[in-house]
Amino acid sequence: MIDVRLLRDDFDATATALARRGVDRARLEELRELDERRRSLVAAVDEARADQGAASRAIGQASPDRRGAMIQAAQELKDRVATLESERDEVVAAHTAAFAAVPNLPHADAPDGVEGDGVVLRTFGEAPTFEDGVRDHVELLEAADALDLARGAKVSGSRFAYLKGEGALLEFALVRYAIEIAMAHGHVPVIPPVLVREEAMYGTGFLPTDEQQLFATRDDGFYLVGTSEVPLAGLHMDELLEADDLPLRYAGYSPCFRREAGAHGKDTRGILRVHQFEKVELFSFVAAEHSAAEHERLLAIEEEVFTGLGIHARIVDIPVGDLGASAARKYDIEAWLPGQQAYREVTSCSNTTDYQARRLRTRVRVGDGDNVLVHTLNGTALAVQRAMIALVEQHQRPDGSVVVPEALQPHLGREVLFAG
RNA sequence: GGAGGGUUGGCCGAGCGGACGAAGGCAACGGUCUUGAAAACCGUCGGGCGCCUCGCGCGUCCCGUGGGUUCGAAUCCCACACCCUCCGCCA
């Protein structure tokens with residue numbers, strides 16, 4: 001959620017900034033009018049209540065024989081309060097709903113454009129070359145019985161898979177490897193709940209805008225998280241932190257569940273796009289003035305993770321038209337996938353400024369009882385399935401085995417995978 | 001799944017229809033005293049929203065959450081959430 005005051009005090013600049021990401025100016029004008037009506041009704045209710053309160057208190061002080069008439073007068077004041085309140089509640093509800101759907105203000109440096117218009121900031125690692133043809137991850141993993149897609153489909157449907165044998169071991173190794181790097185940078189490892197209440201989804205900005213991407217449980221009203229960003233952001237919901245507490249840095253490991261609605265026919269092969277995957281997610285709570293630096297810091301950790309795996313990739317500054325509702329700016333790492341001859345997203349790192357914090361009511365006490373919103377950021381340390389694809393495809397050898405990068409060897413306990 | 005008991009400010013804890021935003025204590029902060037510290041004493045000490053003469057101002061709302069009763073609710077009623085204890089089941 002953005003600051004309501006922006007629409008009152010700085011309408012033009014706000015509308016111009018939001019227009020970059022496709023928010024209609026007329027809609028914002030309506031919202032501003034709604035806000036004005038809301039405030040005048042709040043003031044009217046306050047005033048009516050003050051009258052009624054004064055009348056009630058006077059009854060308490062009055063002698064019993066005078067009370068009858070006073071009670072009657074107070075009753076009328078009560079009715080007026082009730083009328084104004086219902087009017088106010090209606091406007092507040094409309095305002096809240098409309099306002100929650102407004103996305104975050106884009107960062108001034110985020111590039112213009114829509115999906116595909118990202119700006120490549122830099123590349124790292126070296127693209128492997130293959131003389132005798134390339135296998136993709138499905139061929140490599142299935143040949144080694146490390147992946148079973150057919151049985152995943154049998155049991156759960158399309159976009160589900162089994163990781164087995166060395167595939168399963170590879171996950172454990174990748175996770176441990178990523179967690180250790182995150183810890184070295186001060187992130188506390190966390191295994192969060194993956195079923196969350198509506199409130200947490202709303203607070204992180206996935207509701208109301210991304211409802212069609214979420215799985216939900218039928219009888220208990222839970223949502224399955226699409227990323228541990230949700231429970232990590234929720235950690236300090238409704239909390240007033242002390243300045244000394246910041247920065248708070250976490251690394252969550254969890255399965256992630258996504259319906260992938262609207263992606264029919266897209267990436268149907270293998271485990272690039274699945275309904276369930278695992279991920280190590282970085283999350284930071286920082287003071288507002290440090291969020292830009294923290295964003296670069298998280299990106300650097302991501303880069304360290306992939307550099308250590310010897311993976312060639314590029315870093316893309318995501319255009320405003322392709323940002324999630326809560327992000328002001330986002331960097332993706334796209335790894336080179338030899339099996340596709342394409343760069344594909346393997347991480348995503350967002351600065352959500354105060355957008356999530358405002359919804360989650362996570363604040364920090366500064367100076368003289370002044371409470372300000374924190375800034376929150378998230379970034380993928382390692383998305384298991386996608387990292388696995390990049391790793392096996394880039395480090396494959398002609399016989400279908402895969403060279404294990406040195407940094408991963410201690411966690412995997414072997415130098416070569418799929419050697420048969 | 002069954003039976004009970006809880007939820008009050010940073011923490012502990014009183015209040016059980018009328019000036020209660022809430023006693024008291026602890027913690028924290030400022031001060032007095034002291035060579036310094038401790039102790040003692042004095043003072044300050046929740047948050048949201050709105051208004052404005054922008055003042056360390058005014059109003060209003062908040063005692064788990066949402067409803068209800070009442071002129072008036074932390075206090076009475078209903079529903080829900082969460083926590084705890086015991087029994088059952090279980091990785």
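Labels below follow one simple rule: chain letters A, B, ... track the order of the sequence lines, proteins then strands, and each chain is numbered from 1.
- A 3.5 Å limit on both hydrogen-bonding distances identifies B/rG68 as the Watson-Crick or G-U partner of B/rC76.
- Residue contacts shown for A/R361 are absent, as no nucleic acid heavy atom lies under 4.0 Å away.
- The existence of a salt bridge linking A/R88 and A/E47 is excluded, since no basic side-chain nitrogen approaches an acidic carboxylate oxygen closer than 4.0 Å.
- Base pairing annotation: B/rC33 forms no Watson-Crick or G-U wobble pair, as no partner gives both donor-acceptor distances under 3.5 Å.
- Counted by atom type alone, A/E180 and A/H411 present one or more donor-acceptor pairs between their side chains at under 3.5 Å.
- For A/A50, counting side-chain heavy atoms from C-beta on, the closest listed nucleotide (B/rC71, B/rG48, B/rG59) is B/rG59.
- Pair assignment for B/rA38 gives none, since no Watson-Crick or G-U wobble pairing has each distance under 3.5 Å.
- With a cut-off of 3.5 Å on both pairing distances, B/rG21 has no Watson-Crick or G-U wobble partner at all.
- Under 3.5 Å, the side chains of A/S348 and A/D332 contain a donor-acceptor pair of N or O atoms.
- Checking A/K279 against A/T227 by side-chain atom types alone, a donor-acceptor pair falls below 3.5 Å.
- Using a 4.0 Å heavy-atom criterion, one finds that A/Q52 contacts the sugar-phosphate atoms exclusively.
- Within 4.0 Å of A/R37, counting heavy atoms only, lies no atom of the nucleic acid at all.
- No contact: A/R88 has no heavy atom under 4.0 Å from any strand.
- Using the Watson-Crick or G-U wobble rule with both distances under 3.5 Å, B/rC52 pairs with nothing in any strand shown.
- Among the nucleotides B/rU60, B/rG48, B/rG50, the one closest to any side-chain atom of A/V42 is B/rG50.
- Contacts of A/R8 with the nucleic acid, taken as non-hydrogen atoms under 4.0 Å apart, involve only primed sugar atoms and P, OP1 or OP2.
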TODO: Evaluate the criterion salt bridge (charged side-chain N to carboxylate O under 4.0 Å, His left out) for residue pair A/R25 and A/E29; output intermediate values, then yes/no.
DONE: CA-CA 6 Å; A/R25 189 186 176 95; A/E29 267 161 17; 3.6 Å; yes

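- Residue-level contact check: A/A55 touches neither bases nor backbone, having no heavy atom under 4.0 Å from any strand.
- Pair assignment for B/rG46: B/rC62, on the basis of Watson-Crick or G-U wobble contacts that are both within less than 3.5 Å.
- A 3.5 Å limit on both hydrogen-bonding distances identifies B/rG10 as the Watson-Crick or G-U partner of B/rC26.
- Summarising the base pairing, B/rA3 is matched to B/rU85 through a Watson-Crick or G-U wobble pair whose two defining distances lie under 3.5 Å.
- The nucleotide whose nearest atom lies closest to any side-chain atom of A/I59 is, among B/rC71, B/rG50, B/rG47, B/rC71.
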